[in-house]
Amino acid sequence: MQAKKRYLTLLSAGTCLALLLYLGGVQLRAARAPRRAAPPGSSRHGPGAERPWPRFPDALRPFAPGPEGGGGARVSPRQRRDASAGLYRGRRCRMESCFDFALCQKNGFKVYVYPQQKGEKIAESYQNVLAAIEGSRFYTSDPSQACLFVLSLDTLDRDQLSPQYVHNLRSKVQSLHLWNNGRNHLIFNLYSGTWPDYTEDVGFDIGQAMLAKASISTENFRPNFDVSIPLFSKDHPRTGGEKGFLRFNTIPPLRKYMLVFKGKRYLTGIGSDTRNALYHVHNGEDVVLLTTCKHGKDWQKHKDSRCDRDNTEYEKYDYREMLHNATFCLVPRGRRLGSFRFLEALQAACVPVMLSNGWELPFSEVIDWKQAAVIGDERLLLQIIQDRIFKHISRNSLIWNKHPGGLFVLPQYSSYLGDFPYYYANLGLKPLPTFTAVIHAVTPLVSQSQPVLKLLVAVAKSQYCAQIIVLWNCDKPLPAKHRWPATSVPVIVIEGESKVMSSRFLPYDNIVTDAVLSLDEDTVLSTTEVDFAFTVWQSFPERIVGYPARSHFWDNTKERWGYTSKWTNDYSMVLTGAAIYHKYYHYLYTHYLPASLKNMVDQLANCEDILMNFLVSAVTKLPPIKVTQKKQYKETMMGQTSRASRWADPDHFAQRQSCMNTFASWFGYMPLIHSQMRLDPVLFKDQVSILRKKYRDIERL
């Protein structure tokens, strides 16, 4: 096992070194302070000690063209499946499962490059890559000594519209006698996919081969197996190159421009939205963001009203002069996630400002880019512009620079920070000491012994209950007023207009407290349980706090996310059938989430609780909090007590599995976070007198 780890480390280091030999043109001439030697026995933890590249827990999906977003031939579902086959078949590969370490044990880390086949053309860029490997100390001309194999077939440009595209690559690769389904092979790629989708498929089945790929997304990147490399131009030097431009270690650097960019603007299609919005920020002084639509054969046919003006402004500035005299350089995505601007900014000692959602940054396994780049969200730009237009509700500096950031704090909700659950500590405030219960009712009242009436009485007895709202989503008419039990707190019955699941999370004006106790009609809770849950929530007002816990997991056999209700030692969701959360999440659910997800919830009459957990975890980057509950909850709560109970539907569980993956796809990652923490009352189950316990009734349940 130790030998295996050593070879894994050697292989990773060797691969990066081979790549860096080629990419050696990017050098920074930085002032270096003398470094003291570490004392014997000590260890230095480099940036690879933890996963460096943030996977945008709050990131939105990159912009994609709508149905009207540009022409191009339509791709059939079958073509799409064939195109993606090569990329996804080996997506579960890791070094332990798809790499033969035995090949490296005898001769160490040696790399074999296949001889060029007769009649096969190789572009200059790929020739340089191969030459860099063949000139390194890792190279061997004897395949029997090799630990790693590199194709001589040119795989750098897999855009079918490119003149460098190699046809029939699938059969050519399969005919290689050493191919062995790609095991111990490394494939280099800069460009993949073509108009209009620009997928990450390389056009052939890579099997168990590793990818050294530019513009690879975090979704398709296989950690500790693939290597993300920077996108470099055909003019990039194989060795040497210009020195970096960091002359003095001046912080902050005294430069002419604060932020610069100069590049193409796409009028339609993927990658167009971000660059099309840059002109809003350009001021021609310290912020110079220049775009041109003067590229491609038919640009004049598609030009918009800004093209001529932008082109004129574009020609006024010298790109190199801007680059070497700027503190920050914008690196927005193009058609693909990567951009030449990334390497150019680093070489100019200009801090890259990344606007490319989901891009696995180059060599992220060993480089902590959080130390060297500003990583933003593509939609951040539009939010800033929105704040400029609607200044009366614009977000202030605290909102932008304090968790959870400006993207999740909607100024339309309130201009007062105390109305949000994230700033109580900063403002020296606490949430209001009472809650509003919202009971979702879908079953007709036919008996005074129904669970919903017992629940209403128990909740009303809570010392923290300010009012109860019954959301009547039943097809039957509203019950007469005398059918509801008399309580010490107001009971407001609201008849749902559309009677859909998402209506339980509407931001009703009747909710006057900060806290919402969300309840299903068949929930079984005692007054003591309600009181305890609320006292816990007061310490964690930004989270969901409650009783019924569920969890998610990755199903390796199906290669998809799974949902489980099994009783385990951890959880990642607290269902909203018995949970407390801040009322702001009603507003965020209604106005932040897309109609497509809410429509799915309403059509299925299912998964609204999962979607709320996705949303809150995406905002807070924290798991919910589970509190003490009786063990009978699994059988009694949300069970078969209601004739209209959706939990009795045999398709209910399968639908929730599907929801998990649809939601994760929209968020661009899995925001749910596992937790093993459960909060119990002090002295819970302790062998002391029951009279000494505040929440003594919970132990009897």
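This one's a predicted model, so the numbers in the text were calculated from it and none came from an experiment. Any value given below was found using the heavy atoms of this structure, including those in side chains, with hydrogens, waters and symmetry copies removed. Numbering of residues begins at 1 and proceeds along the displayed sequence.
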Hey, can you pull the donor-acceptor pairs under 3.5 Å for the side chains in residues 476-492, sequence neighbours left out?
| residue | atom | partner | partner atom | Å |
| --- | --- | --- | --- | --- |
| Arg483 | NH2 | Leu445 | O | 3.0 |
| Thr487 | OG1 | Val489 | O | 2.7 |

Sorted by chain and number, sequence neighbours left out, disulfide bond (SG atoms under 2.5 Å apart) with Cys659 holds for Cys607
For the residue pair Thr436 / Gln467, report whether a side-chain donor-acceptor contact shorter than 3.5 Å exists. yes
Contacts of Arg336 meeting salt bridge (charged side-chain N to carboxylate O under 4.0 Å, His left out) (sequence neighbours excluded), chain-then-number -> Asp159
Which of Trp554, Phe553, Phe667, Phe663 passes ring-ring contact (aromatic ring centres under 6.0 Å, His included) with Trp561? It is Trp554
| request: Check for a donor-acceptor pair, side chain of Ser356 on one end and backbone N or O of Leu337 on the other, with a separation under 3.5 Å. | output: yes
Tyr464 meets the side chain to side chain donor-acceptor pair (under 3.5 Å) criterion, sequence neighbours left out, with none
Here the pair of heavy atoms bringing Ser518 nearest to Thr576 is OG-O, 2.7 Å
* Indicate yes or no for a side-chain donor-acceptor contact from Asn661 to the backbone of Gln657 under 3.5 Å, with no hydrogens or angles considered. => yes
Distance-only check: which donor-acceptor pairs under 3.5 Å involve side-chain atoms of residues 447-456, not counting sequence neighbours?
| residue | atom | partner | partner atom | Å |
| --- | --- | --- | --- | --- |
| Ser447 | OG | Ser449 | N | 3.1 |
| Ser447 | OG | Ser449 | OG | 2.8 |
| Gln450 | OE1 | Val446 | N | 2.6 |
| Gln450 | OE1 | Ser447 | N | 3.1 |
| Gln450 | NE2 | Pro444 | O | 3.2 |

With sequence neighbours left out, the residues meeting side-chain contact (heavy atoms from CB on, under 4.5 Å) with Ala533 are Tyr547, Ile580, Val627
For this session: Specify whether Tyr422 and Phe420 have parallel, tilted or perpendicular ring planes, treating 30° as the upper limit for parallel and 60° as the lower limit for perpendicular.
Result: parallel
From the list Asn473, Asp520, Asp609, side chain to side chain donor-acceptor pair (under 3.5 Å) partner of Arg504 resolves to Asp520
Can you confirm whether or not the ring centre of His586 sits under 6.0 Å from the ring centre of Phe505? yes
ask   = Between Thr513 and Thr434, do the side chains contain an N or O donor and an N or O acceptor separated by less than 3.5 Å?
value = no
